[in-house]
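In listed order, ligands and their atoms are each counted from 1.
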Amino acid sequence: MSDVIAAPPQPRVPVRGTDQTFPVHRIYCVGRNFADHAREMGAAVPASRADRGTPVFFLKPADAIALQSDVPYPPGTNDLHHEVELVVALGKDAPVGVLDPADAMSLVYGYAVGLDLTRRDLQGAAKAKGLPWDTGKAFDHAAPISAIVPASVAGELGERVLTLTINGQTKQHGSLADLIWTVPDILHELSKLYALRAGDLVFMGTPAGVGPLQPGDRFHAVLEGIAEHSGTIVAAPTV
Ligand code: MN
């Protein structure tokens, strides 16, 4: 048997400090994982962890990762938004069944910092009609990401801070201590719905301060003490 077309390239993220790469299987994303961001989006904020219900999940295609510095402004939107996020990279398949949160961290290969780029106008229109978020979230170059840092190098996540500056001005700043759902919580919840695999990336949700990006804007995302990623939004080619 042979392929009828050339096999599409496997999306891969470099591993920092090595000549190795991390092949990407799926990209899972968590919505509303910081109370201050849920509040700014007009969503209900749980009174306590016991009242948090179930997390909001969506996916991006694996080839939405954008490693290059120049990120094209996507078509079909007039309101592209930045969301800086911790990205968790899984290095092992989850066992069959529901993953025990106590075992979850053993699946983690490493961490990166990324942007969950969002066509906020399309997402907002979809939300208002109860329709899927795909066109707002899952598009080409929608997931700029740093190199992955192995967990053995990164150390504990603890209360590290996520920061995003645009043109040198701080727009987002939030501590991982404020995650509504921690990494073990999220892997546990995802395992109820999907077979988690080596190669999966999980975008863990964004703190408050999301806002618009324009062509020419320079972004700098930092996961304190672990990873940084910079780039520029560029006008997309029109022909
Ligand atoms: Mn997000």
* In plain terms, say whether E189 and R52 are close enough for a salt bridge, that is, a side-chain N and a carboxylate O under 4.0 Å apart. =>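 No, E189 and R52 are not salt-bridged.
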* side chain to side chain contact (heavy atoms under 4.5 Å, CB included) partner of V71, the single match among V234, D217, D140, L117 ->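 Exactly one option meets the side chain to side chain contact (heavy atoms under 4.5 Å, CB included) with V71, and it is L117.
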* Asked: For residues T163 and H173, is any side-chain donor paired with an opposing acceptor at under 3.5 Å?
  ->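 Distance-only check passes for T163 and H173.
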Closest [X] atom to the Mn ion (ligand 1) [N, O or S only]:
X	result
D116	OD2
E85	OE2
E83	OE1

* P207 versus F34, closest heavy-atom pair with distance ->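 It is N-CD1, 3.5 Å.
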